[in-house]
Amino acid sequence: MKTFDAIIVGAGFAGMYMLHRLRGLGLSARVLEAGDGVGGTWYWNRYPGARCDVQSMDYSFSFSDELQQEWEWSEKYATQPELLRYANHVADRFDLRRDIQFGTRVARAAYDETTARWHIETASGETFAARFYIMATGCLSVPKEIDIPGAESFAGATYHTADWPRDGVDFSGQRVAVIGTGSSAIQSIPIIASQAADLTVFQRTPAFSLPAFNRPLDAEEVRSWKAHYAEHREKSRYSLFGVPDFPMDKSAHDVAPAERTATYEAGWSGGTLIALLQSYNDLLTDEAANETAAEFVRNKIRAIVDDPEVAETLCPKSFPIGAKRLCLDTNYYATYNQPHVHLVDVRKTPIEAITPQGIRTSDGEREFDAIVFATGFDAMTGAVVNVDIRGRDGLGLKDKWEAGPRTYLGLTVAGFPNLFLITGPGSPSVMSNMIISIEQHVEWISDCLSWMREHGHAVIEAESAAEDGWVAHVNEVADATLLPKANSWYMGANVPGKPRVFMPYIGGCGPYRQQCEKVVAEGYSGFRFADEDALALPASAG
Ligand code: N01
């Protein structure tokens, strides 16, 4: 058995930065990564058109000024290959690879109370022991199971956007089906349409998508951005979504319709996820206000798509705008104006089965050469509970989370000493620029470990009462918004049988960061500690 101070699972942005920080503390750490390269999301999601939807200049590490000054992004929204190059550059620049073990999937992790150590076992039976066990496994890393009968019977090629072939796929001359219309589909459909002889999109729920207005970055813009990086990053850290906020001092009801439309037009033209949503301060809390923005976007869809029936099918009407993740696209709606692109509304004509030749819906069978599943992920909890994690008294994390994830600050779990989650459920994570949230969590964890060392503590565990309070707060904040109204993956609603609980923290990156800072200022309130010479934790106060 190999022994380290910390085992980190995952070599995406979170795992890489965690390793860098732990090294800075003089701790020994090993990263275990299932893939054979760094990059996490950007290692796996290689589908055509994959890009970040937070601007590249924001969607990058801020912890090293040298790094952010030297790296050159070529476009407003970087492509997957460029993001993967960036991840590799970070790994090389900080000499991370020597502590990353690739091709290693963690299967089990159990806490041993007598030694206060985690015992970790990989799928191939290799074992490790570590004082600290850190899950840096990402929020969208386990593809949802294909729940359509007959999927395995299809005679043609099948692809999942989240597990795309390395060498790419050329759909030239093929009849292609895409199932799903979330962000992955919306980014890939225009590119697949440009290759395929015929493309049919099977849509269950239309998504709201805004234009990215992607473009190359010009040198002057980059120079100016870099000159003000420090100030910009600080604004991002204390913002709602991890990028500087737009001022929101008015309700959508406070202005005349013409002014509102002009404001939405400016938001639409901004080419970002939040410009339109932050037009007014009540778009995510007031249904009537939200409807004004939703209808503005529907009218845009109606103006872009030539066939009124197709346009209406593409218009989302079953949930408030912003309650499911907004998408950002390049030519998505206009793609449906091409004669070889077809849309099937599977709410009207449900998919009955995948057959050897194609897809059968209630109105007949269509034949395909290839099917692309863009059907999403077992989000936020999937990758964590995929590992059999056992805390005190053999308690399984999967069992503890049976009715929905429970964490303190999205960082720790009562009953699981010395376990940390990076961007876990109950933290802003997917509601924010992930990199900003990753940095905040990694820094909080490394500062905590440093503080524990100074105070002679070997074990940290969240109090049950603190966890209960945090879970109640996460729910209360979510319930004050419109977000729980949608059947979204935020709610676990996309995975049959998954508990319906709003998983991320919607209170905003800045307010969340302040709460984490307050916990530290109060001497890590809500946590209890045990020292090296008395490893058993005192009884929980909760
Ligand atoms: O997955 P999704 P995704 N039959 O869950 C449909 C991030 N991301 O991979 O809504 C028919 O959004 C499903 O329908 P419904 C981003 O946070 C970021 O696209 O469940 N349809 C839906 O339309 C994003 O939100 C970027 O009714 C079925 C689609 O499949 C998250 O990842 C790019 C079905 C799944 O959409 C997930 O996005 C890509 C079935 N049986 C992703 N099962 C960036 O730009 C599912 N669907 C950074």
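Computed from a predicted model, the values in this text were never measured in an experiment. Ligands are counted one by one from 1 in listed order, and the atoms in each one are counted from 1 as well.
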* To do: Answer with yes or no whether T181 contacts ligand 1, where contact means a heavy atom under 4.0 Å from a ligand atom.
  =>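 Right, T181 reaches ligand 1.
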* Check whether any heavy atom of F202 sits under 4.0 Å from an atom of ligand 1. =>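 F202 does not count as a contact of ligand 1 under the 4.0 Å cut-off.
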Quick one: look up the protein heavy atom nearest [atom] and list residue, atom name and how far away it is.
{"atom": "atom 41 (N) of ligand 1", "result": "D147 OD1, 2.8 Å"}
{"atom": "atom 5 (O) of ligand 1", "result": "W489 CD1, 3.5 Å"}
{"atom": "atom 45 (O) of ligand 1", "result": "Q187 NE2, 2.9 Å"}
{"atom": "atom 32 (O) of ligand 1", "result": "L140 CD1, 3.4 Å"}

Give the atom numbers and elements of ligand 1 that come within less than 4.0 Å of a heavy atom of [X].
{"X": "I179", "result": "11 (C), 21 (N)"}
{"X": "G180", "result": "6 (C), 23 (O), 29 (C), 30 (O)"}
{"X": "C52", "result": "48 (C)"}
{"X": "I148", "result": "41 (N)"}
{"X": "G182", "result": "12 (O), 19 (O), 23 (O), 29 (C), 36 (O)"}
{"X": "D53", "result": "44 (C), 45 (O), 48 (C)"}

For the ring pair [X] and [Y], is the centre-to-centre distance below 6.0 Å?
{"X": "W73", "Y": "Y59", "value": "no"}
{"X": "F368", "Y": "F154", "value": "no"}
{"X": "Y86", "Y": "W71", "value": "yes"}
{"X": "F241", "Y": "F246", "value": "no"}
{"X": "H473", "Y": "W470", "value": "yes"}
{"X": "Y47", "Y": "F373", "value": "no"}
{"X": "Y512", "Y": "H441", "value": "yes"}

For the side chain of [X] and the backbone of [Y], is there at least one donor-acceptor N/O pair under 3.5 Å apart?
{"X": "N290", "Y": "D286", "result": "no"}
{"X": "D198", "Y": "R175", "result": "no"}
{"X": "K76", "Y": "A212", "result": "yes"}
{"X": "D345", "Y": "T313", "result": "no"}
{"X": "E365", "Y": "R360", "result": "no"}

* Does T161 reach ligand 1 with a nitrogen or oxygen that is under 3.5 Å from one of the ligand's nitrogen or oxygen atoms? ->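 N/O-N/O distance below 3.5 Å does not exist for this pair.
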* Asked: Taking both backbone and side-chain atoms of S184, is any N or O found less than 3.5 Å from an N or O belonging to ligand 1?
  ->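 Yes, at least one N or O pair falls under 3.5 Å.
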Which option out of [options] puts a heavy atom nearest to [atom]?
{"atom": "atom 30 (O) of ligand 1", "options": "G376, A374, C139", "value": "A374"}
{"atom": "atom 28 (C) of ligand 1", "options": "Q203, R347, R204", "value": "R204"}
{"atom": "atom 48 (C) of ligand 1", "options": "K324, K144, R51", "value": "R51"}

With a heavy-atom distance limit of 4.0 Å, tell me whether [X] approaches ligand 1 through its side chain, its backbone, both, or neither.
{"X": "S183", "value": "both"}
{"X": "T205", "value": "both"}
{"X": "I146", "value": "neither"}
{"X": "I186", "value": "neither"}
{"X": "Y47", "value": "side chain"}

* R513 to Y238, cation-pi by 6.0 Å centre distance and 45° axis angle ->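 The answer is yes; both the distance and angle limits are met.
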